[in-house]
K.L.:
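If you scroll down you'll find the structure; I have some questions about it.
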Amino acid sequence: MKIATWNVNSVKARLETVTAWLKDFGPDVVCLQEIKCTDDTFPRAAFEDLGYNCAVHGQKTYNGVAILSTRPLEDVTPRLPGGDGDEHARYLEAVVTGDKGVIRVVSIYAPNGNPIGTEKFEYKLKWLERLRDRAAELLTFEEPAALMGDFNVIPESDDCHDPAAWMNDALFQPESRAALRRVENLGWQDAFRACNVQPNKYTFWDYQAGAWQKDHGIRIDLVLLSPQALDRLKTCAIEKRVRGWDKPSDHVPVWCEIEV
DNA sequence: ATGCCGACAGGATGTCGA
């Protein structure tokens with residue numbers, strides 16, 4: 001089964017690009033982030049016409065996550081537990097059944113956290129702590145599972161073009177990186193790093209300053225696999241070519257082949 | 001050192017992203 005994640009930076013502004021990629025690539029499951037629309041304005045019909053079921057946890061203007069799947073979506077659960085009063089739509093779980101088994105997929109849009117030294121950065125760290133708590137719970141299910149999305153953390157220095165340029169950015173703070181590691185250290189494996197050792201492989205290039213043309217990117221869109229999913233992992237790759245298409249998102253899809 | 005670009009809401013330009 002091909003499962004993918006993609007921060008689309010507005011699903012309405014990106015509809016032609018997203019449907020073109022779905023037709024071209026044919027993923028079975030796609031986690032979307034930054035859909036930037038409410039549940040009732042999500043362009044459901046465009047995806048259903050391509051054979052996808054939709055689970056949506058939307059929000060007006062900001063954030064918003066969704067999951068598309070050719071198979072039925074079961075156990076659909078929005079919202080990361082904890083953080084009462086947190087209305088940001090950043091988390092959506094669903095279970096998909098393949099020919100060889102079941103996988104739980106989670107669409108994740110972690111907070112950006114800039115600028116550092118503000119309540120936005122504190123919110124980011126607290127949100128990642130809540131994610132760790134839920135990630136620990138999910139491991140007790142002992143099933144194939146994938147935390148997929150825009151984690152808004154640059155894991156290592158070789159996941160960006162110029163570490164010095166990110167030194168004062170929330171995405172590369174030691175606290176942010178430690179928070180991601182604490183999730184991984186529970187037993188969640190970075191699928192891309194399980195399959196690829198090459199440095200400087202990116203999933204995001206800023207629209208500004210010719211970042212794409214100069215390959216000044218960062219790798220912040222991740223797939224974290226439970227041990228049971230990792231055992232079934234065949235490959236993981238970045239759909240870099242999509243950044244060069246018309247009207248691109250600033251992020252590109254990341255996908256895995258998993259035997260379920 | 002700052003803006004660069006792009007989406008959104010709303011109807012000009014500020015907020016947000018990363």
Side-chain angles (χ1 to χ4, degrees), chain A residues 5-19 21 31-43 46 56-66 86-91 107-125 127-128 131 148-177 179-180 192 200-222 238 240 242-254:
Chain A
T5 178
W6 192 3
N7 179 325
V8 293
N9 185 18
S10 172
V11 72
K12 287 189 214 169
R14 211 68 57 214
L15 192 54
E16 279 190 41
T17 312
V18 174
T19 53
W21 182 74
C31 294
L32 301 177
Q33 299 88 37
E34 281 208 270
I35 60 171
K36 295 187 175 179
C37 66
T38 52
D39 294 11
D40 56 311
T41 59
F42 186 81
V56 184
H57 179 38
Q59 184 181 337
K60 187 179 162 77
T61 311
Y62 303 116
N63 312 315
V65 288
D86 182 4
E87 295 301 320
H88 290 199
R90 298 182 175 276
Y91 186 95
S107 188
I108 284 174
Y109 179 49
N112 172 303
N114 276 308
I116 59 174
T118 67
E119 72 290 339
K120 289 189 177 183
F121 189 61
E122 294 307 311
Y123 171 65
K124 175 186 190 133
L125 296 180
W127 197 92
L128 290 171
L131 179 62
M148 323 183 60
D150 177 358
F151 283 73
N152 264 316
V153 177
I154 301 166
E156 301 294 339
S157 295
D158 64 7
D159 291 314
C160 65
H161 165 259
D162 180 11
W166 294 91
M167 196 79 89
N168 295 314
D169 195 285
L171 279 63
F172 198 53
Q173 290 308 294
E175 296 95 325
S176 307
R177 297 170 62 197
L180 174 64
F192 184 77
N200 309 107
K201 298 295 182 186
Y202 309 131
T203 65
F204 167 91
W205 296 260
D206 201 301
Y207 290 118
Q208 303 181 77
W212 165 243
Q213 288 75 10
K214 293 185 275 192
D215 198 28
H216 291 182
I218 52 178
R219 189 176 73 91
I220 56 173
D221 298 274
L222 310 176
I238 299 168
K240 183 176 180 180
V242 176
R243 187 63 176 79
W245 289 8
D246 285 340
K247 290 216 39 176
S249 169
D250 38 9
H251 300 250
V252 296
V254 179

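Below, each value reflects all heavy atoms present in this structure, side chains not excepted, and no hydrogens, waters or symmetry copies. In what follows, chains carry the letters A, B, and so on, assigned in the order in which the sequence lines appear, proteins first and then strands, with residues in each chain numbered from 1.
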K.L.:
May I ask you to evaluate whether A/N114 reaches the phosphate of B/dA18, defined as a side-chain N or O under 4.0 Å from OP1 or OP2?
P.N.:
no
K.L.:
Hey, does A/D246 have a side-chain heavy atom less than 4.5 Å from the side chain of A/T17?
P.N.:
no
K.L.:
Should A/I220 and A/V153 count as side-chain neighbours, where that means a heavy-atom distance under 4.5 Å?
P.N.:
no
K.L.:
For A/A110 and A/S10, find the nucleotide of DNA chain B closest to each by heavy atoms; which residue's nucleotide sits nearer the 5' end?
P.N.:
A/S10
K.L.:
Do A/L32 and A/N7 come close enough that some side-chain heavy atom pair is under 4.5 Å?
P.N.:
no
K.L.:
Please give, in whole Å, the distance from B/dG6 P to A/E34 CD?
P.N.:
15 Å
K.L.:
Between B/dA12 and B/dG17, how far apart are the two P atoms, rounded to whole Å?
P.N.:
26 Å
K.L.:
Just how far, in rounded Å, is P of B/dG17 from CD1 of A/I35?
P.N.:
16 Å
K.L.:
Report yes if the side chains of A/R219 and A/P155 come closer than 4.5 Å at any heavy-atom pair, otherwise no.
P.N.:
yes
K.L.:
Given B/dC4, B/dA7, B/dA18, which nucleotide is nearest the side-chain atoms of A/N9?
P.N.:
B/dA7
K.L.:
DNA chain B: A/P248 or A/W166, which has the more 5' nearest nucleotide?
P.N.:
A/P248
K.L.:
For A/H251, answer base if it contacts any base atom (sugar-phosphate contacts may also be present), sugar-phosphate if it contacts only those atoms, and nothing otherwise; contact means non-hydrogen atoms under 4.0 Å.
P.N.:
sugar-phosphate
K.L.:
Would you indicate, yes or no, if B/dC16 has its OP1 or OP2 atom less than 4.0 angstrom from a side-chain nitrogen or oxygen of A/Y207?
P.N.:
no
K.L.:
Whole-Å distance between B/dA18 P and A/Q33 CD?
P.N.:
10 Å
K.L.:
Which nucleotide in the set B/dC16, B/dC8, B/dA18 lies at the smallest distance from any side-chain heavy atom of A/D206?
P.N.:
B/dA18
K.L.:
Hey, is the side chain of A/D169 pairing donor to acceptor with the base of B/dA18 inside 3.5 Å?
P.N.:
no
K.L.:
Please give, in whole Å, the distance from B/dC16 P to A/N7 CG?
P.N.:
17 Å
K.L.:
Are A/H161 and A/Y202 near enough that their ring centres are under 6.0 Å apart?
P.N.:
no
K.L.:
Measuring to OP1 and OP2 of B/dA7, would you say a side-chain N or O of A/R14 lies under 4.0 angstrom away?
P.N.:
yes
K.L.:
For A/Y202, report the nucleic acid contact type (base, sugar-phosphate, nothing); a contact means any heavy atom under 4.0 Å.
P.N.:
nothing
K.L.:
Between B/dT2 and B/dG6, how far apart are the two P atoms, rounded to whole Å?
P.N.:
22 Å
K.L.:
Can you tell me how far P of B/dA7 sits from CG of A/D250, to the nearest Å?
P.N.:
9 Å
K.L.:
Please give the distance between the P atoms of B/dG10 and B/dC16 as a whole number of Å.
P.N.:
15 Å
K.L.:
Using the side-chain heavy atoms of A/T61, tell me which of these nucleotides is nearest: B/dC16, B/dA18, B/dC8.
P.N.:
B/dC8
K.L.:
Are A/N152 and B/dA18 close enough that a side-chain N or O sits under 4.0 Å from OP1 or OP2?
P.N.:
yes
K.L.:
Quote, to the nearest angstrom, the P distance that separates B/dG3 from B/dA9.
P.N.:
24 Å
K.L.:
What contact category does A/N63 fall into here, base, sugar-phosphate, or nothing, at under 4.0 angstrom with non-hydrogen atoms?
P.N.:
nothing
K.L.:
Looking only at the side chain of A/Y62 (C-beta and beyond, no hydrogens), which of the listed nucleotides B/dT15, B/dA18, B/dA7 gets closest?
P.N.:
B/dT15
K.L.:
Using the rule side-chain hydrogen bond (donor to acceptor under 3.5 Å, both in side chains), only one of A/N9, A/N63, A/T41 pairs with A/K36; which is it?
P.N.:
A/N9
K.L.:
Once you round it to whole Å, what is the distance between P of B/dG17 and CZ of A/F121?
P.N.:
14 Å
K.L.:
How far does the P atom of B/dA1 sit from the matching atom of B/dT13, given to the nearest Å?
P.N.:
28 Å
K.L.:
Rounding to a whole Å, what distance do you find between A/K36:NZ and B/dG6:P?
P.N.:
13 Å
K.L.:
Between C1' on B/dG6 and NZ on A/K12, what's the gap in Å once rounded to a whole number?
P.N.:
16 Å
K.L.:
For the residue pair A/K240 and A/W212, establish whether any side-chain heavy-atom pair is separated by less than 4.5 Å.
P.N.:
yes
